[in-house]
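Note: hydrogens, waters and symmetry copies are ignored here, and every other heavy atom, side chains too, is used.
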Amino acid sequence: MAKNRYVGDYPVIGIRPIVDGRRGPQMMRESLEPLVWAMAESAKKLFEENLFYSNGEPVKVVMADSTIGRVPEAAACANKFKKEGVSITLSVTPCWCYGSETMDMDPHTIKGVWGFNGTERPGAVYLAAVLAGHAQKGLPAFGIYGHEVQDRDQVTQMPEDVKEKLLRFGRAAVAVATMRGKSYLQIGSQCMGIAGSIMDQSMLEEYFGMRVESVDEVEILRRMEEGIYNEEEYQKALAWTKEHCKEGRDDNPEEVEFLGEKVRIKFTPEEKEKQWEFTVKMYCIIKDLMAGNPNLSDKFEEEKVGHNAIAGGFQGQRQWTDHWPNCDYPEALLSSTFDYEGAREPYTLATENDILNGMSMLMMRLLTHRAQIFADVRTYWSGEATERVTGYKLEGKAAESNGIIHLLNSGAACLDASGVCTDENGNAVMKKWWEVTVEDIKKMTDATVWCEAGFDNFRGGGFSSHYTTKAEMPCTMIRMNLVKGLGPVLQIAEGWTVNLPDEVSDTLMERTNPTWPCTWFAPRCDGKEGSAFKTAYEVMMNWGANHGAISYGHIGADLITMCSMLRIPVCMHNVPEDDIYRPACWNAFGMDKEGQDYRACATYGPLYKKL
């Protein structure tokens with residue numbers, strides 16, 4: 001649907017049709033091959049119709065040239081898959097086969113095995129045998145096995161539980177494999193002492209297979225001064241911004257007294273106009289830095305190529321924002337599903353160069369193909385406190401969680417989170433980027449105003465997006481934290497955005513910063529003593545950092561599967577236990593799901609660990 005933004009092909013899924021290799025008078029192999037091919041074709045069709053790359057294209061699925069019953073055929077399949085760029089394999093069979101002779105032995109592929117639940121030549125026996133082989137050889141693999149017994153002629157009638165596992169495996173694997181070989185581009189460095197903005201290159205290299213690119217913020221100024229941007233694109237972006245980005249309130253005082261002198265604080269209209277021009281140029285230049293731009297002048301051949309960045313971050317505070325306009329406009333718009341050219345694949349650009357939150361946003365963006373929210377996990381409001389301050393008694397999801405969490409920060413909160421778009425049934429939704437229409441874009445820009453940055457935070461000015469999420473939508477908030485001696489861990493909190501009455505939301509917002517984008521969040525809680533999800537308060541208390549990344553939908557189960565592929569343990573989540581899906585060998589690490597995860601991740605180590 002759109003050009004691949006990144007250098008390198010997208011990952012390919014390879015289907016391995018496994019068969020009982022015995023031949024002879026009874027024609028065993030020959031009798032089973034039609035069933036094996038039918039299973040393989042049904043898996044291929046499921047993937048191609050339901051899985052997509054970040055640019056919107058259906059995933060590419062290839063199959064072995066023959067069924068695999070013995071080692072030479074497994075070797076031929078491996079050779080083909082290497083040429084085809086296969087990063088993910090699914091082995092399928094309806095029957096008993098020779099496990100160690102037919103298994104995928106490539107240590108670099110992400111592996112799944114689907115064994116048909118039948119009784120004639122039970123694929124479940126092969127599934128158990130080959131998964132034991134994977135465990136013994138240190139090659140984790142996901143097992144797929146239907147709950148109900150099926151008849152021999154039902155190999156193409158895929159049960160819903162099998163579909164769910166196959167698609168969860170496929171979504172997570174494609175997301176994981178897409179990150180490999182790409183870059184994280186940090187523009188600047190550590191921000192305001194925030195630990196998440198301390199770059200750990202080894203983590204990105206070993207857990208995600210990514211490289212780190214770093215440029216000083218002065219590169220943006222150099223490109224502005226030397227005209228290293230496309231003037232036509234800039235003028236188009238500026239005209240679009242003037243038409244669609246309405247200015248909001250400016251709460252800065254005209255002047256303050258400082259050391260006995262009057263100091264002007266509020267910017268003039270002419271100064272604000274210059275700030276708009278500056279921030280739109282920032283947008284164009286940061287996009288060029290991340291993805292390159294073949295439309296730059298031939299004088300700038302080196303700058304044309306960009307950094308092949310699938311994610312990035314901008315430091316901003318304080319050295320930049322004490323003097324220059326902030327990066328809120330570029331961060332918010334890059335993270336959204338559109339810009340002056342219309343709907344397009346979102347970028348991932350983290351506020352304050354919080355690498356850990358940026359990577360959290362990237363994981364969810366690749367899983368969902370939707371824009372992601374970057375926010376402070378700022379304030380817990382109990383039902384009692386909300387009623388005391390506003391007179392309003394929390395209802396619905398907010399009452400069930402005994403409070404709400406205020407998600408609020410200037411910067412990379414995508415405009416999609418305004419909650420004004422709807423699906424075919426009228427439900428509020430943050431759409432996959434290729435589903436976003438011209439009408440949707442108008443709704444989102446109409447719901448957003450751009451407020452002059454507060455001088456207390458941003459002396460150089462700039463414009464912060466402001467909207468309030470005006471709908472109840474399912475969402476998932478996550479945070480990756482880096483712990484010395486342990487490595488990265490992930491927190492997951494599924495819940496809902498909360499649509500408070502305007503006067504209630506406004507009253508609460510006036511107590512903090514009413515010029516920033518606002519989302520009220522109610523996590524799904526269990527009310528249990530000692531639980532990190534007893535109420536929204538416990539979620540807030542157990543959150544590992546000041547930031548969170550938020551995605552539309554309840555995607556915690558997909559994230560748990562994805563983390564197991566990356567060998568990142570999940571330290572906190574509210575996903576139903578029946579939905580937890582990890583490699584089969586995790587079961588060998590104990591009966592408690594959380595402990596299993598920690599022990600297995602420690603044993604296998606990062607996916608791309610260096611030898």
Side-chain angles (χ1 to χ4, degrees), residues 191-194 196 247-253 256 265-266 316-318 321 326-329 331-332 350-352 354 357 373-392 394 398 401-415 417-419 447-459 461-471 475 477 479 493 495-523 535-537 539-541 543 545-550:
C191 177
M192 298 188 296
I194 293 172
E247 283 192 31
R249 60 198 280 180
D250 181 350
D251 288 350
N252 293 306
V256 297
I265 298 297
K266 192 181 286 289
Q317 298 186 74
R318 291 209 11 233
T321 55
N326 65 24
C327 195
D328 286 6
Y329 173 87
E331 289 168 1
T351 299
E352 294 156 1
D354 185 341
N357 219 53
I373 308 169
F374 182 113
D376 274 358
V377 184
R378 183 165 278 246
T379 309
Y380 163 72
W381 280 93
S382 68
E384 294 77 11
T386 304
E387 189 170 10
R388 175 180 63 81
V389 171
T390 68
Y392 174 75
L394 292 177
S401 61
N402 194 25
I404 49 178
I405 295 174
H406 198 184
L407 305 177
L408 177 82
N409 197 12
S410 70
C414 59
L415 273 61
S418 55
T448 306
V449 293
W450 298 85
C451 303
E452 178 65 36
F455 191 83
D456 53 344
N457 287 307
F458 305 113
R459 299 178 194 175
F463 296 91
S464 298
S465 62
H466 168 68
Y467 58 78
T468 299
T469 303
K470 288 290 188 181
C475 62
M477 180 170 74
R479 171 70 190 185
W496 295 266
T497 60
V498 174
N499 185 14
L500 293 177
D502 288 346
E503 63 276 12
V504 176
S505 182
D506 291 345
T507 298
L508 300 180
M509 278 287 285
E510 288 296 332
R511 296 172 65 101
T512 176
N513 193 320
T515 67
W516 290 350
C518 165
T519 301
W520 304 101
F521 174 60
T535 70
Y537 172 76
V539 174
M540 181 83 177
M541 279 293 295
W543 208 245
N546 54 311
H547 291 152
I550 302 94

*Under 3.5 Å: donor-acceptor pair, side chain of T469, backbone of A417*: yes
*Taking C-beta and beyond as the side chain, do T390 and L500 meet within less than 4.5 Å on heavy atoms?*
no
*Shortest non-hydrogen contact from I373 to A413?*
CG2-CB, 4.1 Å
*asked:* For the CZ atom on R249, are there more than 12 heavy atoms of other groups (residues, nucleotides or ligands in this structure) within a distance under 6.0 Å?
replied: yes
*What's the spacing between F458 CZ and N326 CG if we round to 0.5 Å?*
5.0 Å
*Stepwise, does the side-chain contact (heavy atoms from CB on, under 4.5 Å) test hold for E352 with Q317?*
CA-CA 7 Å; E352 294 156 1; Q317 298 186 74; 3.5 Å; yes
*Which atom names give the shortest non-hydrogen contact between T512 and P514, and what distance separates them?*
O-CD, 3.7 Å
*Compare every heavy atom of N513 with every heavy atom of N457, then report the nearest pair and how far apart it is.*
ND2-ND2, 4.2 Å
*Who are the ring-ring contact (aromatic ring centres under 6.0 Å, His included) partners of Y380, not counting sequence neighbours?*
Y537
*Would you call F463 and D328 a side-chain contact if the rule is heavy atoms closer than 4.5 Å?*
no
*For I405 and A536, which heavy atoms make the closest approach, and how far apart are they?*
CD1-O, 3.7 Å
*Donor-acceptor contact below 3.5 Å, side chain D376 vs main chain H547*: no
*Of T379, V377, L508, T519, which is the lone residue that meets side-chain contact (heavy atoms from CB on, under 4.5 Å) with H406?*
T379
*Do D354 and F374 have side chains that get closer than 4.5 Å, going by heavy atoms?*
yes
*About how many Å separate OG1 of T351 and CG of N357, when rounded to the nearest 0.5 Å?*
8.5 Å
*asked:* How long is the straight-line distance from SG of C414 back to OH of Y467, given to the nearest 0.5 Å?
replied: 5.0 Å
*Counting only N and O atoms by type, is there a donor-acceptor contact under 3.5 Å from the side chain of T497 to the main-chain atoms of A471?*
yes
*Has the side chain of N252 got a donor or acceptor atom that lies under 3.5 Å from a matching backbone atom of I265?*
no
*Gap separating the CE atom of M540 from the OG atom of S382, nearest 0.5 angstrom*: 12.5 Å
*Indicate the atoms forming the closest heavy-atom contact of A375 with L407, along with that distance.*
CB-CB, 3.8 Å
*asked:* Can you confirm whether M509 sits close enough to T515 that some side-chain heavy atom of one is under 4.5 Å from a side-chain heavy atom of the other?
replied: no
_I need the E331 CD to S465 OG distance, nearest 0.5 Å._
9.5 Å
*Closest contact, heavy atoms only, V539 versus P523*: CG2-CG, 3.8 Å
*Heavy atoms, side chains only, cut-off 4.5 Å: are I550 and F521 in contact?*
no
*Mind running ring pair (Phe, Tyr, Trp, His ring centres under 6.0 Å) on W450 and H466 for me, showing each step along the way?*
CA-CA 6 Å; W450 298 85; H466 168 68; over 10 Å; no
